[in-house]
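Nothing here was measured: the structure is a model prediction, and the numbers come from that model. No hydrogens, no waters, no symmetry mates; every other heavy atom, side chains included, goes into these values. As the structure lists them, so they are numbered: ligands from 1, and atoms in each ligand from 1.
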Amino acid sequence: MEDIKRIISPDTLKENRVPPGQRLTDKWPVLHYGSVPKIDVKDWTFKISGLVEKERTLTYDEFTALPRVEVFSDIHCVTTWSMLNNTWEGVSASVIKDLVGIKGEAKHVMVEGAGGFTTNLALDDFFQNDVLFVLKHDGQPLTTEHGGPVRLVVPQLYFWKSAKWVMGIRFMAENEPGFWENAGYHIHGDPWKEERYGGRSF
Ligand SMILES: Nc1nc2c(c(=O)[nH]1)N[C@H]1C(S)=C(S)[C@@H](COP(=O)(O)O)O[C@H]1N2
Ligand SMILES: [Mo]
């Protein structure tokens with residue numbers, strides 16, 4: 001077995017792990033807009049675009065050959081359910097820095113999912129140590145309904161930032177709202193500050 005780096009999300013070390021206004025669940029709900037896309041891994045690609053020296057597109061085989069990490073984290077959905085103690089396996093967001101040259105003007109990233117789904121993140125959030133592109137949850141391959149073959153997980157923000165069926169990322173200079181942010185969700189989405197709706201502070 002290759003050595004896999006294990007990362008504990010800082011929020012799981014808090015004395016109180018449940019943010020204000022949240023309730024715990026043990027059953028993982030399935031939530032998304034629209035229908036579950038059919039993605040054949042033979043056709044799946046991961047495109048890195050926007051403010052980079054040279055755009056790059058990886059195949060599924062290339063993407064899954066990247067170094068893996070394991071992250072232990074909690075989920076907080078804006079609709080008030082939280083699920084603790086998740087173990088994710090996948091590719092650290094920081095690996096992107098080794099794949100392309102990110103231009104100095106880039107300050108944000110748009111994460112792009114199948115069917116036109118998008119969500120925006122500041123690079124400070126995207127490059128947190130525990131942010132990863134997930135291939136497995138609790139030792140099992142990620143199911144299609146939960147975003148397989150590849151989804152993002154951003155432990156420190158509400159779960160809508162954790163885009164399912166990720167197909168690429170686009171580096172941006174300015175902060176632009178994504179799909180749920182355009183529909184009224186908060187531009188940032190910190191569960192500890194209850195950044196749920198509204199606050200388009202940009
Ligand atoms: N592609 C895509 N990803 C998405 C969404 C979506 O509508 N489309 N919804 C988000 C929201 S609002 C939530 S709460 C989580 C739910 O993930 P789950 O179904 O695995 O619990 O996915 C997020 N990622
Ligand atoms: Mo959500």
Side-chain angles (χ1 to χ4, degrees), residues 9 11 18-41 43-47 49 60 63 71-91 93 108-122 125-126 128 130-170 176-200:
S9 275
D11 285 348
V18 186
Q22 297 293 112
R23 297 179 291 111
L24 293 181
T25 180
D26 312 315
K27 273 236 200 90
W28 190 6
V30 172
L31 284 177
H32 51 262
Y33 177 79
S35 51
V36 175
K38 287 194 176 62
I39 300 172
D40 190 330
V41 294
D43 305 322
W44 184 88
T45 56
F46 183 83
K47 184 174 179 185
S49 66
Y60 183 76
F63 192 83
V71 170
F72 178 75
S73 79
D74 299 334
I75 295 173
H76 309 298
C77 174
V78 72
T79 61
T80 75
W81 60 268
S82 289
M83 190 172 80
L84 307 185
N85 304 323
N86 301 278
T87 300
W88 312 99
E89 184 185 316
V91 175
H108 301 267
V109 69
M110 193 68 87
V111 185
E112 300 168 329
F117 181 81
T118 52
T119 191
N120 60 295
L121 292 165
D125 280 315
F126 182 66
Q128 288 296 308
D130 55 354
V131 173
L132 80 170
F133 294 95
V134 164
L135 300 159
K136 288 184 181 176
H137 176 262
D138 289 349
Q140 298 301 120
L142 189 68
T143 60
T144 309
E145 58 182 6
H146 284 300
V150 182
R151 84 175 295 162
L152 188 69
V153 164
V154 186
Q156 77 274 23
L157 298 177
Y158 280 123
F159 207 39
W160 86 76
K161 296 286 186 182
S162 295
K164 293 157 68 158
W165 313 296
V166 170
M167 311 286 289
I169 56 171
R170 176 168 58 87
E176 292 172 28
F179 177 84
W180 288 115
E181 295 81 8
N182 264 320
Y185 283 16
H186 196 280
I187 195 71
H188 182 227
D190 181 338
W192 300 95
K193 296 181 185 158
E194 286 203 76
E195 292 174 343
R196 296 176 190 272
Y197 307 104
R200 286 179 61 164

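Residue contact check for ligand 1: Cys77 places a non-hydrogen atom closer than 4.0 Å to it.
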May I have the step-by-step check of side chain to side chain donor-acceptor pair (under 3.5 Å) for His76 and Asp11, ending in yes or no? CA-CA 11 Å; His76 309 298; Asp11 285 348; 5.5 Å; no
Begin with the C-alpha distance, continue with both residues' side-chain angles, and end with the deciding distance and a verdict on side chain to side chain contact (heavy atoms under 4.5 Å, CB included) for Ile169 and Phe46. CA-CA 8 Å; Ile169 56 171; Phe46 183 83; 4.1 Å; yes
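Within the 4.5 Å cutoff, no side-chain heavy atoms of Val71 are placed close to those of Val153.
Residue pairs meeting the salt bridge (charged side-chain N to carboxylate O under 4.0 Å, His left out) criterion with at least one member in residues 145-167, sequence neighbours excluded: Lys161-Glu181.
Considering both main-chain and side-chain atoms, Tyr185 never comes within under 3.5 Å of ligand 1 through any nitrogen or oxygen pair. The shortest N or O to N or O distance between Trp28 and ligand 1 is below 3.5 Å. Of the polar atoms of Ala114, none of the N or O atoms is found under 3.5 Å from an N or O of ligand 1, judged by distance alone. Note: no N/O pair closer than 3.5 Å links Gly113 and ligand 1 by distance alone. Close N/O approach between Arg151 and ligand 1 is found [any backbone or side-chain N/O within under 3.5 Å].
Scanning Glu145, His137, Lys164, Glu112 for the heavy atom closest to atom 19 (O) of ligand 1 points to Lys164.
Given atom 11 (C) of ligand 1, the protein heavy atom at minimum distance is Trp160 CA, 3.5 Å.
The side chain of Trp165, and not its backbone, has at least one atom closer than 4.0 Å to an atom of ligand 1 (non-hydrogen atoms only; side chain from C-beta on). Contacts between Tyr158 and ligand 1, counted as non-hydrogen atom pairs separated by less than 4.0 Å, are absent for every part of the residue.
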